[in-house]
Amino acid sequence: NAGVMQNPRHLVRRRGQEARLRCSPMKGHSHVYWYRQLPEEGLKFMVYLQKENIIDESGMPKERFSAEFPKEGPSILRIQQVVRGDSAAYFCASSPPTGGTFAFFGQGTRLTVV
Amino acid sequence: GENVEQHPSTLSVQEGDSAVIKCTYSDSASNYFPWYKQELGKRPQLIIDIRSNVGEKKDQRIAVTLNKTAKHFSLHITETQPEDSAVYFCAALDDNYGQNFVFGPGTRLSVLP
């Protein structure tokens with residue numbers, strides 16, 4: 001079991017570009033969570049998805065941010081027209097079909113906006 | 001929704017001493033309480049968890065206690081070692097309804113040699 005895989009590990013984007021962050025959950029896991037972490041700060045919840053379904057996106061900014069978890073392929077967090085304030089580590093976690101238990105984190109994507 | 005508070009925000013202990021981190025939660029329906037450890041530059045990793053039908057759980061030097069009436073739970077680390085230095089996060093959720101994980105703000109533990 002390869003664990004939760006995120007790519008890329010590091011991503012540099014210029015202001016105004018788009019950033020796409022990918023998360024492949026652990027085998028057998030159908031729930032994905034995305035979190036943002038600024039340096040020296042905590043894990044801020046962004047969005048919770050199941051296959052083809054957004055369960056809770058209360059932590060997502062209303063503009064420029066979107067997430068999906070298609071039937072096939074990884075979950076994707078998309079940030080359009082990035083700004084310097086989007087620079088952070090973005091972690092995803094996955095849990096089994098029952099949800100809400102034993103969530104395991106990926107290694108994160110560190111986004112730097114220049 | 002659930003709100004999780006965590007104290008202290010920073011904690012320094014001498015190697016060999018015990019460390020205690022406390023969390024409180026707001027939603028009485030929450031029934032699952034995991035703890036994660038995050039070392040500098042790394043991912044958060046699950047170290048121990050407890051469910052609401054249990055009052056205490058131990059795993060070697062780590063233990064978690066839960067007081068459902070008071071809605072608080074604590075992480076206890078005994079015989080601390082330098083490698084215990086990290087940020088620790090607690091979370092609380094009702095796993096019957098597939099809620100998202102709401103984390104406390106974290107506690108930075110430093111174990112001084």
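Chain A is the first sequence line, chain B the second, and so forth, proteins listed ahead of strands; every chain is numbered from 1.
- Residue A:Met5 places its CE atom among 12 or fewer non-hydrogen atoms of other residues, nucleotides or ligands, all under 6.0 Å distant.
- Other residues, nucleotides and ligands contribute only 12 or fewer heavy atoms inside 6.0 Å of the CD atom of A:Gln81.
- No more than 12 heavy atoms of other residues, nucleotides or ligands lie within 6.0 Å of CZ in A:Arg15, so this atom counts as exposed by the packing criterion.
- A 6.0 Å sphere centred on CD of B:Glu15 holds more than 12 heavy atoms belonging to other residues, nucleotides or ligands.
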Check residues 82-89 of chain A and write down every donor-acceptor pair under 3.5 Å in which the side-chain atom is one partner and the other belongs to a residue at least two apart or another chain.
from	atom 1	to	atom 2	distance (Å)
A:Asp86	OD1	A:Arg64	NH2	3.1
A:Asp86	OD2	A:Arg64	NH1	2.7
A:Asp86	OD2	A:Arg64	NH2	3.4
A:Asp86	OD2	A:Val83	N	2.9
A:Ser87	OG	A:Arg84	O	3.1
A:Ser87	OG	A:Val113	N	2.9

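- Both A:Phe105 and A:Val4 sit in one connected hydrophobic cluster of ILVMFWY residues. Membership requires side-chain heavy atoms under 4.5 Å apart, directly or through other members.
- Residues A:Leu111 and A:Leu38 do not share a hydrophobic cluster, defined by chaining ILVMFWY side chains whose heavy atoms lie under 4.5 Å apart.
- For the atom pair OH (A:Tyr33) and CZ (B:Phe101), the distance works out to 4.5 Å, reported to the nearest 0.5 Å.
- When the heavy atoms of residues 35-48 of chain B are compared with those of chain A, the residues falling under 4.5 Å are B:Tyr36, B:Gln38, B:Gly41, B:Lys42, B:Arg43, B:Pro44, B:Leu46, listed by number.
- Taken together through direct or relayed side-chain contacts under 4.5 Å among Ile, Leu, Val, Met, Phe, Trp and Tyr, A:Trp34 and A:Leu43 form parts of separate hydrophobic clusters.
- Taking all atoms of both residues into account, the shortest heavy-atom contact from B:Phe89 to A:Gly42 is CE2-CA, 3.6 Å.
- Scanning residues 64-72 of chain B against chain A with a 4.5 Å non-hydrogen threshold yields no residues.
- Surrounding CD of B:Gln60 are at most 12 heavy atoms belonging to other residues, nucleotides or ligands under 6.0 Å away.
- In terms of heavy-atom pairs under 4.5 Å with chain B, the best-connected choice from A:Gln6, A:Gln37, A:Glu41 is A:Gln37.
- Counting non-hydrogen atoms of other residues, nucleotides and ligands closer than 6.0 Å to NZ of A:Lys51 gives a total above 12.
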Using residues 102-113 of chain B as the side-chain source, report each donor-acceptor pair under 3.5 Å to any protein atom, sequence neighbours left out, with the distance given to one decimal.
from	atom 1	to	atom 2	distance (Å)
B:Thr107	OG1	B:Gln6	NE2	3.1
B:Thr107	OG1	B:Pro8	O	2.5
B:Arg108	NH2	A:Glu40	OE1	3.0

